[in-house]
Amino acid sequence: MKYDAVIIGSGQAGSPLAAKLAKVGWKTALIEKRWVGGTCVNDGCTPSKTLIASGRRAYLARHSAALGIQMPAPVVDMAAVIQRKDRIVIAKRARLEEWLRKTDGLDLIIGTASFTGDKKLTVHHPDGTSTEVEGEFIFVNTGASPQIPAIEGVNDTPYYTSTTIMDLKTVPDHLVILGAGYIAMEFGQLFRRLGSQVTLLERSAALLNKEDDDIAGELKNILEMEGIKIRLGTAVTKASRLADGKIELTLSSNGTSQTLTGSHWLIASGRLPNLRELKPERAGIVLTEKGFIKTDDRLETSVKGIYALGDVREGPAFTHISYNDYLVVSRNLLDKAGLSVQDRLVPYCMFTDPELGRIGLTEKAAREKGRRIKVAKLSMTQVARGIETGETRGMMKAIVDEETHEILGASILAPHGGEIMSVLEVAMMGKLPYEKIRDGIFAHPTFSESLNNLFMTLDNA
Ligand SMILES: Cc1cc2nc3c(=O)[nH]c(=O)nc-3n(C[C@H](O)[C@H](O)[C@H](O)COP(=O)(O)OP(=O)(O)OC[C@H]3O[C@@H](n4cnc5c(N)ncnc54)[C@H](O)[C@@H]3O)c2cc1C
Ligand SMILES: NC(=O)c1ccc[n+]([C@@H]2O[C@H](COP(=O)([O-])OP(=O)(O)OC[C@H]3O[C@@H](n4cnc5c(N)ncnc54)[C@H](O)[C@@H]3O)[C@@H](O)[C@H]2O)c1
């Protein structure tokens, strides 16, 4: 079958791109091997944030006495927690599938695509049949999957990934997590709040080494205060399953070796692109050193007419970035917009509690670039809204250019940190000098109002 556009993977770029191209009259095929919606809907943002909401309820119930409300200790009904997550995920996936199937000019093909040549693919369907497909344009949005490190014994030791752990029917006694990145932080806090003992094992000496030390340190304190153990500079050299079903990990740290036993093991050490089945080499697509698809800044691969979007490229792996990739590609192809992914603002939010909302440069990145900067900092203990709601953990931090006073970046470790960060993102989009935020009127008493106070700290700096 010949198409104008063939899109492989129905992730956060593939689905809207397929619908958009079909709508403007391109004969379009969207090939998906599993479930529409990809990682975000089925294994990522939607299920994890749904579970995290349950964890937060348990936490708030346990801490309500501080606000004068006495409650019995919460009982976690894990089966109900998982059922709620499944209901929300299934409904979201179903809505998306209905929309795709109703889109005129779009064929949703269920099966696994493999290149057979330049712009040619075979789709292997679940029933064992296959279809040959050809596209004038091809868009790869196949996403990424958990990376499993080559640790001795890993294949004979039961482990969970971020996908499989979201189907647990009982709360683990002791969850040991390999890694201390986004997934480890979010899931570590979630399971601690549901009642698990939690240990994070991170091989780097520093936590979240892309973030400023004060921010990473503050978050570490917050998680440790909740009872999570974080072991930095720790490598796992061997894994095994004990006779009682527990897992045993051999750890190496500072030249010494010791063992750690847990009831469950979650591997959260990064993700690798889904390319094994796709076989991009058959189309002559060049990969990066780390094995992701290499593109130019308009997302075209080394083969003209073949594009790569989302996590399958090397770059920030977020839903909103994949969606922005779709906008860049579609607007360039359809409107000749000349958009590029270079220098785009990349916001992100780690959904710990408090959240870490981030945008632009950190202090350390700005200094490494030799930028002349001022740094504004405010503890959440000084934020009126935080004091009133009993949520004073965290801090706000912003980096401004010493000369132009433009905001270069912000780290907001606070309740609703992602939302507060977005206020500063808009200021950055408009290239506002920080004084506009310092003197702007925000409703009282909101968290965002304290951005006045954050930038006031620069008055005497
Ligand atoms: C636990 C977790 C939590 C996350 N939380 C957040 C968050 O809070 N915020 C955020 O911004 N990001 C979050 N992310 C990251 C986010 O989910 C991804 O960056 C996002 O989904 C982008 O994915 P994508 O569009 O590149 O592809 P995906 O959504 O991964 O879709 C790829 C699709 O391609 C299909 N596919 C693969 N190979 C083939 C093939 N050969 N043939 C046919 N189909 C194929 C797959 O089945 C899949 O459906 C999270 C990720 C995880 C794992
Ligand atoms: N809120 C969000 O936006 C959100 C939430 C979850 C996941 N995600 C996305 O999913 C991606 C994957 O998350 P992740 O947590 O798996 O990866 P990550 O890259 O965020 O963190 C992995 C961590 O594991 C460590 N590590 C790697 N190998 C190790 C080993 N052998 N032993 C000990 N530590 C090891 C790394 O040093 C790193 O700190 C993220 O990069 C992010 O893009 C986003």
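Every heavy atom of this structure was used, including side-chain atoms; hydrogens, water molecules and symmetry mates were not. When a ligand or atom number is given, it counts from 1 through the structure's own listing order.
Using a 4.0 Å cut-off between a side-chain N of Lys or Arg and a carboxylate O of Asp or Glu, D173 and K246 do not qualify as a salt bridge. Of the charged side-chain nitrogens involved, at least one lies within less than 4.0 Å of a carboxylate oxygen, so that K397 and E363 count as a salt-bridged pair. Salt bridge status for R298 with D325: absent, with no side-chain N to carboxylate O gap under 4.0 Å. Between E97 and R101, at least one side-chain N (NZ, or NE/NH1/NH2) sits under 4.0 Å from a carboxylate O, which counts as a salt bridge. Looking at E391 and R56, a side-chain N of the basic residue comes within less than 4.0 Å of a carboxylate O on the acidic one, giving a salt bridge. Between R84 and D77, no side-chain nitrogen of the basic residue sits less than 4.0 Å from a carboxylate oxygen of the acidic one, so the salt-bridge criterion is not met. Salt-bridge annotation for K377 and D214: present, with a side-chain N of the basic residue lying under 4.0 Å from a carboxylate O of the acidic one. Salt-bridge check for K294 with E300: failed, with every basic side-chain N at 4.0 Å or more from each acidic carboxylate O. We find that R193 and D353 are joined by a salt bridge, their nearest charged nitrogen and carboxylate oxygen being less than 4.0 Å apart. Checked for salt-bridge contact, R231 and E202 miss the test: no charged N lies under 4.0 Å from a carboxylate O. Between R358 and E211 there is a salt bridge, since at least one side-chain N of the basic residue sits less than 4.0 Å from a carboxylate O of the acidic one. A salt bridge is absent between K120 and E132; no separation between the charged side-chain nitrogens and carboxylate oxygens falls under 4.0 Å. The pair K49-E186 counts as a salt bridge, with a side-chain nitrogen and a carboxylate oxygen less than 4.0 angstrom apart.
Of the listed options I177, L251, I321, I183, I183 places a heavy atom closest to atom 15 (O) of ligand 2. Atom 17 (O) of ligand 2 has its nearest heavy-atom neighbour, among P316, G270, A144, in G270. With distances taken over non-hydrogen atoms, the option nearest atom 45 (C) of ligand 1 out of K279, H320, R34, K33 is K33. Residue nearest to atom 18 (C) of ligand 1, selected from L17, D311, V312, V41: D311 (by heavy-atom distance). For the residues R231, R271, E186, E355, the heavy atom positioned nearest atom 5 (C) of ligand 2 is part of E186. Comparing G418, S269, G315 against atom 27 (C) of ligand 2, the shortest heavy-atom distance belongs to S269. With atom 37 (C) of ligand 1 as the reference point, the heavy atom nearest to it among I109, L278, T142 is part of T142. Scanning P149, S162, A235, G181 for the heavy atom closest to atom 18 (P) of ligand 2 points to G181. Considering A268, S48, G179 only, the shortest heavy-atom separation from atom 22 (C) of ligand 2 involves A268.
Both the backbone and the side chain of C40 come within 4.0 Å of ligand 1, counting heavy atoms alone. Proximity of S204 to ligand 2, defined as any heavy-atom pair under 4.0 Å, is confined to the side chain (atoms from C-beta onward). Both the backbone and the side chain of A113 come within 4.0 Å of ligand 1, counting heavy atoms alone. Under 4.0 Å from ligand 2, the heavy atoms of F318 that appear belong solely to its side chain. Counting heavy atoms under 4.0 Å from ligand 2, residue L201 touches it through the backbone alone.
Here is the list of ligand 1 atoms found below 4.0 Å of a heavy atom in S48: 3 (C). Those atoms of ligand 1 with a heavy atom of G9 less than 4.0 angstrom away are 33 (C), 34 (O), 35 (C). Each of the atoms 8 (O) of ligand 1 lies under 4.0 Å from some heavy atom of F351. For ligand 1, the atoms closer than 4.0 angstrom to any heavy atom of A317 are 15 (C), 19 (O). Each of the atoms 53 (C) of ligand 1 lies under 4.0 Å from some heavy atom of R271. The atoms of ligand 1 that sit less than 4.0 Å from any heavy atom of F318 are 11 (O), 12 (N), 19 (O). Close approach of ligand 1 to N141 is summarised as follows: ligand atoms under 4.0 Å from at least one heavy atom of the residue are 24 (P), 25 (O), 26 (O), 27 (O), 31 (O), 32 (C), 33 (C), 34 (O). Numbered from 1 in the order shown, with element, the atoms of ligand 1 that lie under 4.0 Å from a heavy atom of I31 read 43 (C), 44 (N).
Taking atom 8 (O) of ligand 1 as the reference point, the nearest protein heavy-atom neighbour is K49 NZ, 2.8 Å. Residue, atom and distance of the protein heavy atom nearest to atom 42 (C) of ligand 2 are A317 O, 3.6 Å. In terms of protein heavy-atom proximity, atom 16 (C) of ligand 1 is closest to T319 OG1, 3.5 Å. Residue, atom and distance of the protein heavy atom nearest to atom 32 (N) of ligand 2 are L178 CD1, 3.5 Å. Closest to atom 8 (N) of ligand 2 among all protein heavy atoms lies Y182 CB, 3.9 Å.
Taking CD1 of I177 as the start and NE2 of H264 as the end, the distance is 12.0 Å to the nearest 0.5 Å. A distance of 10.0 Å separates CD in E281 from CZ in F115, rounded to the nearest 0.5 Å. Rounded to the nearest 0.5 angstrom, I267 CD1 and I148 CD1 are separated by 4.5 Å.
Under a 3.5 Å cut-off, the side chain of N141 and the backbone N or O of G11 do form a donor-acceptor pair.
For ligand 2, one of its N or O atoms has an N or O atom of E202 under 3.5 Å away. Considering backbone and side-chain atoms alike, Q147 places every N or O at 3.5 Å or more from each N or O of ligand 2. Residue C349 places at least one N or O, backbone or side chain, under 3.5 Å from an N or O of ligand 2. The distance criterion of under 3.5 Å between nitrogen or oxygen atoms is met by R203 with respect to ligand 2.
Residue contacts with ligand 2 leave out V236, since none of its heavy atoms falls under 4.0 Å from the ligand. Residue contact check for ligand 2: F351 places a non-hydrogen atom closer than 4.0 Å to it. Y182 does not count as a contact of ligand 1, since none of its heavy atoms falls under 4.0 Å from the ligand.
Between F318 and Y348, the angle of the ring planes stays under 30°, which puts this pair in the parallel group of the 30/60° scheme.
Taking the six-membered ring where the residue is Trp, the centroids of Y3 and W26 are separated by 6.0 Å or more.
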